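Read through the structure below, which is laid out as structure tokens, and then see the notes.
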Number of protein chains: 2
Amino acid sequence: MSQTNEPREPWLAELIGEAADKRMTDKQIRILEASVELFAGKGYASASTSEIAAMAGVAEGTIFRHYKTKKELLLTIVRPAMIKLLAPFMLKEFKDVLSSSYSSYGDFLRALAANRIQFLDRNKRLVRILIQELPFHPELQQQFREHVFSRVIAQAEAIVIRFQQQGEIIPLPPATVLRLSASSLLGYAAARYIAQESASTKWNDERELSATIDFIVKGLRP
Amino acid sequence: MSQTNEPREPWLAELIGEAADKRMTDKQIRILEASVELFAGKGYASASTSEIAAMAGVAEGTIFRHYKTKKELLLTIVRPAMIKLLAPFMLKEFKDVLSSSYSSYGDFLRALAANRIQFLDRNKRLVRILIQELPFHPELQQQFREHVFSRVIAQAEAIVIRFQQQGEIIPLPPATVLRLSASSLLGYAAARYIAQESASTKWNDERELSATIDFIVKGLRP
DNA sequence: ATGAAAAATGAGTGATCACTTACTTTTTTT
DNA sequence: AAAAAAAGTAAGTGATCACTCATTTTTCAT
């Protein structure tokens, strides 16, 4: 009864393996996969190490051979995922948008949204863990602020300022413009997530995305 | 060393006391208050009954005299708070707005936001527990949908339709208009919460609220 | 093939978990 | 004031928790 299931989180092994700069055994990878599954499914506090070991098909001691504590197991997953996966992805288009391309703020938002949604779809479990555990782990909050939040804000503000100078966006504080744009897009993403979770047939994705972007662009027009 | 601290959650005793239709002892109230504090602070799963008893100044057995399980303790707090406090409050202005008053959608949003923000400020801990635990307790999800979400949606859609007929809002599906309005307001509330948590001096509340409402109204104009 | 290092194991460890029980104290009813 | 009922308690209960450790198995350079 040897289980050789394909990995549910393709990013995991590669990401953490290259971070540690040494190869991982099959069992180590299965421990991380089981952890992601259980942390996302029932929360870090409610997921026991014995459960993780059982799901990974591994003795409980094996977990602690590689990770000193349960919390270190969580951090081993979340920290590199945040720094090496989430942060670079969030900053993706931001670099080149300043130099060229994207004639309008709407075009920019559309390109941005498409990629971000794809990312969320592929990394649901990771995002769930992040959202659920961030309030309880100050180290994670600090790293999130430092490596994700502040960098994204800095880049995004520059873009907002550019479109403000072009006269396409009201001269509000860039942080305010960002908040309004981001909350609308996050609201779209959340509604999309809930709609597909409850298998609601009423969700017309393209229409909702268009409406959201039009809403933002119109709402920010001078 | 008898502690007669004033209650941190004034709604608690009254709400649950009248729900059970019988008076509560001082110790029962303190158990509920300690539970709210700890559930909000470290999460339901990480808050132990012994901790709750200690904070309430009560023997652990006393908790289980009144609540069969730890989960029943959670539900005793969250269920009536949702049904008797959150739902009625969310529906507050919605009734009379249809018959009269509120000449514009912007005026309506402003009145709405002011009350909702006040509510959030007063019930931070309750809202935290709700947000944190909703994903893990299907019974709570179902009750939230039934008593809060669906009712608010129904009322709010009627209002949106009224303003659409007056030609003040684009003829998008009411659910979409609602999503866009709600996500902007929630984004404002979230930013406000984070700003006051981190004691940031940069937050100009009135300006941010005005910008948010203007953004919504302009974004939804035909 | 051999031996040293790394990986993996499973039977523990004490601590803590939610919860129970036998009993005492307080409150209410008569 | 006596009796009954309700509230509260302290000392448990077995189960499970995160974690350890002595031992075995696997890997891999030589």
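Note that the coordinates shown come from a computational prediction; the quantities given were computed from them, not determined experimentally. In what follows, chains carry the letters A, B, and so on, assigned in the order in which the sequence lines appear, proteins first and then strands, with residues in each chain numbered from 1.
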Looking across every strand, which nucleic acid part, if any, lies under 4.0 Å from A:Thr49 by heavy atom: base, sugar-phosphate, or nothing? base
Would B:Asp121 and B:Arg192 pass as an ion pair if we require N to O under 4.0 Å? yes
Contact under 4.0 Å: B:His66 side-chain N or O vs D:dG8 OP1/OP2: yes
Under 4.0 Å between any heavy atoms, over every strand shown, what does A:Ala45 touch: base, sugar-phosphate, or nothing? Just pick one. nothing
From C:dA8, D:dA10, C:dC19, pick the nucleotide closest to the side chain of A:Lys27? C:dA8
What's the closest nucleotide to the side chain of A:Gln28 if the choices are D:dT9, C:dT9, C:dA8? C:dA8
Which nucleotide in the list C:dA8, D:dA7, D:dC19 gets nearest to the side chain of B:Arg65? D:dA7
Which part of the nucleic acid, if any, lies within reach of A:Ala47 when heavy atoms closer than 4.0 Å are counted: base, sugar-phosphate only, or nothing? sugar-phosphate
Side-chain N or O of A:Thr25 less than 4.0 angstrom from OP1 or OP2 on C:dA8? yes
What orientation do A:His137 and A:Tyr44 show, parallel under 30°, tilted 30 to 60°, or perpendicular over 60°? perpendicular
Side-chain atoms of B:Phe64 come closest, of D:dT9, C:dG10, C:dT20, to C:dT20
Side-chain donor-acceptor contact under 3.5 Å, B:Glu60 with B:Ser50: no
Could you go through the salt bridge (Lys or Arg N to Asp or Glu O under 4.0 Å) check for B:Arg179 and B:Glu157 one step at a time? CA-CA 10 Å; B:Arg179 172 173 66 71; B:Glu157 284 197 350; over 6 Å; no
